There are 2 protein chains.
Amino acid sequence: MTAKNAFYAQSGGVTAVINASACGVIETARAHPEKIANVYAGRNGIIGALVEDLIDTSQESADDIAGLKHTPSGGFGSCRFKLKSLEDNKREYERLIEVFKAHDIGYFFYNGGGDSADTCYKVSQLSEKMGFPVQAIHVPKTVDNDLPITDNCPGFGSVAKYIAVSTREASFDVASMCATSTKVFVLEVMGRHAGWIAAAGGLAESHGIPVVILFPEVEFDQEKFLANVDAKVKEHGYCTIVVSEGCHWPDGKFLAEQGTRDSFGHAQLGGAAPVVANIIKDALGYKYHWAVADYLQRAARHIASKSDVDQAYAMGKAAVELALAGKNSVMPTVVRTSNKPYRWKIGEARLSRVANVEKMMPKSFITRDGFGITQKCRDYLAPLIAGEAYPEYRNGMPVYVQLKNTPVPRKLKRRFKVSR
Amino acid sequence: MTAKNAFYAQSGGVTAVINASACGVIETARAHPEKIANVYAGRNGIIGALVEDLIDTSQESADDIAGLKHTPSGGFGSCRFKLKSLEDNKREYERLIEVFKAHDIGYFFYNGGGDSADTCYKVSQLSEKMGFPVQAIHVPKTVDNDLPITDNCPGFGSVAKYIAVSTREASFDVASMCATSTKVFVLEVMGRHAGWIAAAGGLAESHGIPVVILFPEVEFDQEKFLANVDAKVKEHGYCTIVVSEGCHWPDGKFLAEQGTRDSFGHAQLGGAAPVVANIIKDALGYKYHWAVADYLQRAARHIASKSDVDQAYAMGKAAVELALAGKNSVMPTVVRTSNKPYRWKIGEARLSRVANVEKMMPKSFITRDGFGITQKCRDYLAPLIAGEAYPEYRNGMPVYVQLKNTPVPRKLKRRFKVSR
């Protein structure tokens, strides 16, 4: 068997550690030149494959590839672009296979969330049918932590650490001034359907901080919420609220709904925090402040969790190893084998079981009143934010790698227009 | 001369490093028991002195006091409480002197911004007149960097580092996805009248990032702004906007004005970012995201600047040394003696020249178009964000000190009611 090329692409919202997975893929592939000739990356994700805009990663130095481990965002570009169903848009899948064929690609590593797992699964199926079998391996990534089977998703641990630390720091600030000033601090965090990120704010409670969490899994009950906040302010002098962007009213309407939708068809959110702050102001009259972390939380490589960085790298490495072992249509997973001390190993999941399944917070992780996290949840989250993995700094700023991203010469005459 | 006690209080919005100044005051005072018997801290700032709620810092261990160097927020509590003018409210000043007299306080260290410098100045004047002279020394602190004479204010460097790093990280995120997703990212930062914090976002430009800054010093010109943003998106594919909460229309109205005011009479702001984002969406149609850093920025001890921590400590230490040298009604300052390499020394300013003066960004620091920072500004800012001063971590969370804050037994019969 002669060596084949590999194709790697980043998909969906980027994270503080998705490049660590890219590093794992490329470094491991480079160690096996007898089976993997070269890794081509898609410029701006899967779109790069469709329009035949591939990046030749062999042009990047070993140092720059190693530097990806410390660099947030998507080093090759990512995109919000979901391939439609095979029936609706077979030409996109066929084009992918055409490009893979032209560039002798035998391995497809797709680094993303649930939507990408679905695409990855379909590519594997279709390539088989079309007589050009490609081994499709999904590399898990999502700050939302909502992929099934895997204990957790690379990307989440670092956001969780950012939110836990930020909640604690801002609460310390409020606590020291609440006698005469702000009594309620509202922090809005990401998470459309799953409240994992919001849950991380609850880790500040272990440090004596009164926290009320608004999960997307729990319908917003204004009366109960106000009573809870009021009780906490009366007891502690202040209260911190961590509200998920996906928090919604009983009728399903998001607190923050703006009415616009992204290309995946998801509602584009933002602004739950000021809504919550105003509800409190109107009903209880407390002075408030609010913050919306938005991209800061998922880009915050400066406060990444070491276990997250390690797992992101390990997932990239394992994906290549699965491919080398002849696997297809699978995703490496994190399997937790022990909580104290925290131990984990690499597992493997069939893509057919991963695609399009969203993992919500289990009921046992949310307190009975719906506003907090249980000890079980704490035990789950704690190891995921453990350890620091600081980037190097120069002149006060972190040193992040910017790749050369040299294009691979095109081989196909036909141009392909991506339309949405 | 027998040893006198010292009174220390934190004032106004707290910072990531105000406790480092407290550490400098207390450690230096402890080294001079022949002149300073004990340091009493005001619980919740100056209000603690008015209501005779003093904290006995001698009850805190040396380790805990040292830990203040790594702990954000106000360890003894702070307050937004400005003493009125002597004419309007002489009873408050007289009460201060009464409490100082009862507790044999010969030194008053007040750690705050311009308003506190004014209070400190008046206390020194009045105590003299009332025959109980207290040496009043102001310890500079403000994230806004708006105190005069001193080259910069402790507290600012760490916020500047947080904003510079966050702007860079979030911009990396946007850059990697702008082909198919968000093209404009808006980050709202603090700064009512002075644009120093917003200016720090401009440091990300040195890393190839297109940044548009909206300063409070420059009237918002919607047309010019939109043209600038559009040009940057067309050139780079995306654009990052750093908007100061104090950004205002030509008629003086804040973009974000909510109509409420705090107890200093300042308008309470928040929400310039969504306003700016919507202006862009309406006029240019670009997909946007926005973030409001709010308290996260000034509490972010996890990414504090080392030069800021060092200077905050040095200001506290210098304040005590000035007192020991018999000085009164002064403030230690940072004097920059060289830019490359960065060198600074301790200077001294008369409070009469500090009180109620706000230092805005000089014209030479803002680009001609009003949307960026000049090389001169870069040279000024760069050393202030230099160096990292990480706190220790345990189980993934920073180790911050919480003091015992033991009260000093009251000596006065008369209770005092603080009313506002």
Side-chain angles (χ1 to χ4, degrees), chain A residues 10 13-14 44 47 71-75 77-81 161 164-166 168-170 172-177 179-181 185 187 203 207-208 262-263 270-271 273-274 289-296 298-303 305 382 385-388 390 393 395-398 400 402, chain B residues 10 13-14 44 47 71-75 77-81 161 164-166 168-170 172-177 179-181 185 187 203 207-208 262-263 270-271 273-274 289-296 298-303 305 382 385-388 390 393 395-398 400 402:
Chain A
Q10 303 180 319
V14 293
N44 303 322
I47 289 179
T71 300
S73 90
S78 183
C79 64
R80 291 207 174 276
F81 185 87
K161 189 180 184 95
V165 171
S166 297
R168 185 166 182 219
E169 289 180 333
F172 251 57
D173 185 308
V174 176
S176 70
M177 300 194 63
T180 57
S181 186
F185 176 69
L187 173 62
L203 289 171
H207 302 269
D262 70 14
S263 62
H289 259 249
W290 55 268
V292 176
D294 195 63
Y295 286 164
L296 304 193
R298 74 179 197 195
R301 181 61 185 80
H302 74 269
I303 184 73
S305 134
I385 69 162
E388 293 69 52
Y390 299 122
Y393 279 71
N395 301 323
M397 290 286 265
Y400 293 144
Q402 278 184 286
Chain B
Q10 303 179 319
V14 294
N44 303 322
I47 288 179
T71 300
S73 90
S78 181
C79 63
R80 291 208 174 276
F81 184 87
K161 188 180 185 96
V165 171
S166 297
R168 186 169 178 214
E169 289 181 332
F172 251 57
D173 186 308
V174 176
S176 69
M177 302 194 61
T180 56
S181 186
F185 176 69
L187 172 62
L203 290 172
H207 302 268
D262 72 12
S263 63
H289 260 249
W290 54 268
V292 177
D294 195 63
Y295 287 164
L296 304 192
R298 74 180 195 193
R301 182 60 184 81
H302 73 268
I303 184 74
S305 133
I385 70 162
E388 294 67 54
Y390 299 121
Y393 278 71
N395 302 323
M397 290 284 268
Y400 294 145
Q402 278 184 287

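Computation of the quantities below employed the complete heavy-atom set of this structure, encompassing side-chain atoms and omitting hydrogens, waters and symmetry-equivalent molecules. If you're wondering where the values come from, they're calculated on a predicted model, not measured in any experiment. Order of the sequence lines fixes the chain letters, A, B, ..., with proteins taken first and strands second; residue numbering starts at 1 for each chain.
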With sequence neighbours excluded, residues passing side-chain hydrogen bond (donor to acceptor under 3.5 Å, both in side chains) with A:Y393: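 Per chain and number, A:Y393 pairs via side-chain hydrogen bond (donor to acceptor under 3.5 Å, both in side chains) with no residue.
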
Sort B:R168 into side chain, backbone, both or neither according to what part of it lies under 4.5 angstrom from a heavy atom of chain A.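 The answer is the side chain of B:R168.
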
Taking side chain as everything from C-beta outward and backbone as N, CA, C, O, which of these in B:N44 sits under 4.5 Å from a heavy atom of chain A? Side chain, backbone, both or neither.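 Just the side chain, heavy atoms under 4.5 Å.
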
Pick whichever of B:G208, B:S78, B:A382, B:S166 has the most heavy-atom pairs under 4.5 Å with chain A.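 Among the listed options, the one with the most contacts to chain A is B:S78.
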
Out of B:N395, B:T71, B:L187, B:I303, return the one with the most heavy atom pairs under 4.5 angstrom to chain A.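 Ranked by contacts with chain A, first place is B:I303.
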
Using every non-hydrogen atom in the two residues, find where A:D294 and B:H289 come nearest and quote the distance to one decimal.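 For A:D294 and B:H289, the tightest heavy-atom pair comes out as OD1-ND1, 2.6 Å.
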
What's the separation between atom NE2 in B:H302 and atom CD in A:E388, rounded to the nearest 0.5 Å?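 CD of A:E388 is found 11.0 Å from NE2 of B:H302.
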
Once you round to the nearest 0.5 Å, how far does CZ of B:R298 lie from CG of A:D173?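 Reported to 0.5 Å precision, the distance equals 4.0 Å.
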
Parallel, tilted or perpendicular: which describes the rings of B:W290 and A:W290, with under 30° parallel and over 60° perpendicular?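 Ring orientation, 0 to 90° scale: perpendicular.
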
With side chains defined as the heavy atoms from C-beta onward, is the minimum distance between B:E169 and A:L296 less than 4.5 Å?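 No, their side chains stay 4.5 Å or more apart.
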
Quick one, A:V14 and B:F172 - any side-chain contact, counting heavy atoms below 4.5 Å?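 No - every pair of side-chain heavy atoms lies 4.5 Å or more apart.
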
Most heavy-atom pairs under 4.5 angstrom with chain B, which of A:S73, A:G75, A:A386, A:G77?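 The answer is A:S73.
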
Best-contacting candidate, A:A293, A:A300, A:A179, A:A170, against chain B by heavy atom pairs under 4.5 angstrom: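 Maximum pair count with chain B is reached by A:A300.
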
Residues which pass ring-ring contact (aromatic ring centres under 6.0 Å, His included) with A:F185, listed by chain and number, not counting sequence neighbours: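 Listed in chain order: B:Y295.
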
Less than 4.5 Å to any heavy atom of chain B: does that hold for the side chain of A:Q402, its backbone, both, or neither?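 For A:Q402, the side chain is the part near chain B, not the backbone.
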
So what's closer than 4.5 Å to chain B heavy atoms on A:S181: side chain, backbone, both or neither?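 Side chain only.
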
